[in-house]
Amino acid sequence: QVQLVESRGGLVQAGGSLRLSCAASGRTFSTYDMGWFRQAPGKEREFVAVISWSGGNTYYADSVKGRFTISRDNAKNTVYLQMTSLKPGDTAVYYCAQSPIRRAMIMSTSPDGYAYWGQGTQVTVSS
């Protein structure tokens, strides 16, 4: 049984930083792509970032490029999202997700491309 457990988010002032982590269990972590998504009230879940199973490739939404960094530690079965220069528009519930495809050839930016999800963690950025 796959479990993804995100760290607690928090309240941050605009311009501040926050790091989220997501600990995975239940499958061989190092063979699956990992993604971060977010959902603001009244909006659809949107892609934030993805990292390949090897950690060698990453891709970001334009809205966070240059401010957020996704990384993974396969020895710890954990994926991270380092967020800097936070803006009020980054306020959302953040979710980590795991691909259902082992050693996928293409990273997915769609929620439909992920089979397993964390419980979500609230990030609030105040102006």
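This is a predicted model, so every value here is computed, not measured. Throughout, numbering of the chain's residues begins at 1 and tracks the sequence.
- R27 and Q98 share a donor-acceptor pair across their side chains, judged by distance under 3.5 Å alone.
- When side chains are defined from C-beta on, L20 counts as touching V123, because their heavy atoms get closer than 4.5 Å.
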Verdict with supporting geometry, Q82 and T84, side-chain hydrogen bond (donor to acceptor under 3.5 Å, both in side chains): CA-CA 7 Å; Q82 178 69 50; T84 63; over 6 Å; no
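- There is no path of hydrophobic side-chain contacts, each under 4.5 Å, that joins L4 to Y114.
- Note on Y116: it does not cluster hydrophobically with V5, by side-chain heavy-atom contacts below 4.5 Å among ILVMFWY residues.
- With a 6.0 Å radius and a threshold of 12 heavy atoms from other residues, nucleotides or ligands, K43 has its NZ atom at or below the threshold.
- The heavy-atom pair separating S17 from S85 by the smallest distance is OG-N, 4.4 Å.
- Scanning for ring pair (Phe, Tyr, Trp, His ring centres under 6.0 Å) contacts around Y95 gives an empty result, with sequence neighbours left out.
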Would N57 and M107 count as a side-chain contact (heavy atoms from CB on, under 4.5 Å) here? Give the steps. CA-CA 9 Å; N57 294 291; M107 298 184 294; 3.9 Å; yes
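- Side-chain atoms of T124 do not come within 3.5 Å of backbone N or O of T91 as any donor-acceptor pair.
- Note that CD of Q119 is 10.0 Å distant from CD of Q3, once rounded to the nearest 0.5 Å.
- Within a 6.0 Å radius of OH in Y59, no more than 12 heavy atoms belonging to other residues, nucleotides or ligands are found.
- To the nearest 0.5 Å, atoms OH (Y60) and CD1 (I70) are separated by 6.5 Å.
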Could you walk me through whether D90 and K87 pass salt bridge (charged side-chain N to carboxylate O under 4.0 Å, His left out), step by step? CA-CA 5 Å; D90 295 319; K87 306 174 182 179; over 6 Å; no
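- We find the OG-CG distance between S30 and N74 to be 5.0 Å, quoted to the nearest 0.5 Å.
- With rounding to the nearest 0.5 Å, the separation of OG1 in T58 from CG in D33 is 11.5 Å.
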Checking T121 against V93 for the side-chain contact (heavy atoms from CB on, under 4.5 Å) test, could you report, in this order, the C-alpha distance in whole Å, the side-chain angles of both residues, the deciding distance, and whether it holds? CA-CA 5 Å; T121 188; V93 177; 5.8 Å; no
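- For the side chain to side chain contact (heavy atoms under 4.5 Å, CB included) criterion with M34, the lone passing option out of V50, V79, T78 is V79.
- Of the options E6, Q39, M83, a side chain to side chain contact (heavy atoms under 4.5 Å, CB included) to Y94 is made by M83 and by none of the others.
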Decide side-chain contact (heavy atoms from CB on, under 4.5 Å) for S25 and N77; before the verdict, give the C-alpha distance in whole Å, the side-chain angles of both, and the deciding distance to 0.1 Å. CA-CA 7 Å; S25 62; N77 291 350; 5.9 Å; no
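- There is no path of hydrophobic side-chain contacts, each under 4.5 Å, that joins F37 to F68.
- Residue pairs that meet the salt bridge (Lys or Arg N to Asp or Glu O under 4.0 Å) test with at least one member in residues 74-84, sequence neighbours left out, do not exist here.
- Taking SG from C96 and CH2 from W36, the interatomic distance works out to 5.0 Å, rounded to the nearest 0.5 Å.
- Qualifying ring pair (Phe, Tyr, Trp, His ring centres under 6.0 Å) partners for W53, counting only residues two or more places apart in sequence or in other chains: none.
- Nearest approach of S127 to A14, heavy atoms of both residues: CA-CB, 4.3 Å.
- Of all the heavy atoms in P111 and W117, the pair that sits closest is O-CZ2, 3.5 Å.
- Contact record, S110 with S108: N-OG, 3.1 Å, taken as the closest heavy-atom pair.
- The OG atom of S99 sits 11.0 Å away from the CD1 atom of I106 when rounded to the nearest 0.5 Å.
- The side-chain tip of R38 does not point at the ring of F47 from less than 6.0 angstrom away and within 45° of straight on.
- Taking the ring centre of Y80 as origin, the terminal cationic atom of R72 falls outside the region bounded by 6.0 Å and 45° from the ring axis.
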